[in-house]
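Remarks on the structure that follows.
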Amino acid sequence: MKFANTAALLAVCGLLSLTGCGQAEETASIAETQPATKPFVPEGAIADDSGEFVYTGQLKEVGDAENGYIKVPVTFVQFQEEGVSGLTQYSDPTGSNVITLDFYEGIPYEDAANSIVYHMAEDENVEGLTGASVTVAGYNAKQIYCHYTDDDKFVVIWLIEDPSNPSDSYYLAIEFFNESADIMACSSTFRTVHDHAGESQR
């Protein structure tokens, strides 16, 4: 999988969810999950809300006033996928592990998630496509997980409810190889534009 393809797909899915792709639950339903027991987190480290991933490296805050904010490993650099605009993206220097932020105006998070699941289910390179209702950084979210067999990468996507306007949603995706799965913990540092502004004024 080339992540640019996924990013482009998401841009299309955002538009399609307004024209009926909200029926995607019939193809691959979003399941409810129980929270996991959280692991020991060393001082200065972060853990994701599921309690499965811990990142102990140094972080820096990135993002913008359009797509939200998140902390990523200090070695990550900003870039923009070819042929895709409007995304906020960071990757490691090799371009192998990628964190992407986006914002969908006028598309509730559940509709956005159903649309993405619907289209990902049609990709022959996708296996293990699953969805769940979760919280990410304390926000209501739908989580989508899959493995791309063509390049052995994993992608976890969260469609996050905008608490200041539930008819809008944020998009957060982390693409990684198995040995870099600990960057999943970065999801716990996500902040909406509104919440980030409030925290920076304190």
Side-chain angles (χ1 to χ4, degrees), residues 1-14 28 30 46-50 52-57 59-64 66-104 109 112-113 115-132 134 136-137 139 141-160 169-191:
M1 177 199 81
K2 300 296 180 267
F3 196 75
N5 293 340
T6 301
L9 172 65
L10 296 173
V12 171
C13 287
I30 302 292
I46 57 171
D48 72 314
D49 280 8
S50 77
E52 295 180 15
F53 301 96
V54 176
Y55 185 80
T56 58
L59 299 167
K60 64 181 178 183
E61 186 174 71
V62 299
D64 54 47
E66 181 179 359
N67 297 324
Y69 297 85
I70 194 169
K71 291 181 181 178
V72 302
V74 293
T75 57
F76 274 42
V77 295
Q78 187 169 15
F79 78 107
Q80 184 70 64
E81 298 281 5
E82 255 185 74
V84 181
S85 62
L87 303 176
T88 300
Q89 296 184 290
Y90 291 83
S91 78
D92 64 14
T94 70
S96 299
N97 303 292
V98 180
I99 294 178
T100 301
L101 299 171
D102 199 2
F103 180 76
Y104 295 154
Y109 76 109
S115 179
I116 290 168
V117 167
Y118 180 87
H119 289 279
M120 291 179 80
E122 298 179 337
D123 189 329
E124 64 181 15
N125 293 312
V126 169
E127 71 173 8
L129 181 62
T130 57
V134 299
V136 57
Y139 301 108
K142 296 292 185 180
Q143 177 180 287
I144 302 166
Y145 162 89
C146 75
H147 175 239
Y148 279 85
T149 57
D150 54 343
D151 61 4
D152 198 27
K153 280 192 179 180
F154 299 88
V155 175
V156 180
I157 300 168
W158 295 269
L159 288 306
I160 302 166
S169 56
Y170 287 89
Y171 162 79
L172 165 62
I174 301 180
E175 171 196 9
F176 56 93
F177 284 110
N178 190 55
E179 60 269 22
S180 302
D182 57 352
I183 65 169
M184 284 274 290
C186 292
S187 63
S188 67
T189 69
F190 174 81
R191 293 293 176 269

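As the structure is a computational prediction, the values presented were derived from the model and not from experiment.
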Student check: side-chain heavy atoms of Asp182 and Tyr55 closer than 4.5 Å: yes
Side-chain heavy atoms of Trp158 within contact of Tyr139, under 4.5 Å: no
As an exercise, state the distance from [atom1] of [X] to [atom2] of [Y], rounded to the nearest 0.5 Å.
X	Y	atom1	atom2	result
Tyr90	Ile174	OH	CD1	14.5 Å
Ile99	Ile70	CD1	CD1	5.0 Å
Asp102	Ile157	CG	CD1	11.0 Å
Leu129	Tyr148	CG	OH	8.5 Å
Ser187	Ile46	OG	CD1	7.5 Å
His147	Thr149	NE2	OG1	7.0 Å

Glu179 atom CD: more than 12 heavy-atom contacts under 6.0 Å: yes
Sequence-distant partners of Asp92, side chain to side chain contact (heavy atoms under 4.5 Å, CB included), two or more places apart: Phe76, Thr94, Ser96, Asn97
[X] and [Y]: which non-hydrogen atoms are nearest, and at how many Å?
X	Y	value
Thr88	Gln78	CG2-NE2, 4.5 Å
Gly68	Leu101	O-CD1, 3.4 Å
Pro73	Ile183	CG-CG2, 4.1 Å
Ala113	Lys142	CB-CB, 3.5 Å
Ser91	Phe79	CB-CE2, 3.6 Å
Ser188	Asp49	CB-OD1, 4.2 Å

Side-chain donor or acceptor of Asn67 paired with backbone N/O of Gly86 under 3.5 Å: yes
Any donor-acceptor pair under 3.5 Å from Ser115 side chain to Ala112 backbone: no
Parallel, tilted or perpendicular: ring planes of Phe176 versus Phe154, cut at 30 and 60 degrees: parallel
Tyr109 vs Ile160, side-chain contact (heavy atoms from CB on, under 4.5 Å): CA-CA, chis, key distance, verdict: CA-CA 6 Å; Tyr109 76 109; Ile160 302 166; 5.8 Å; no
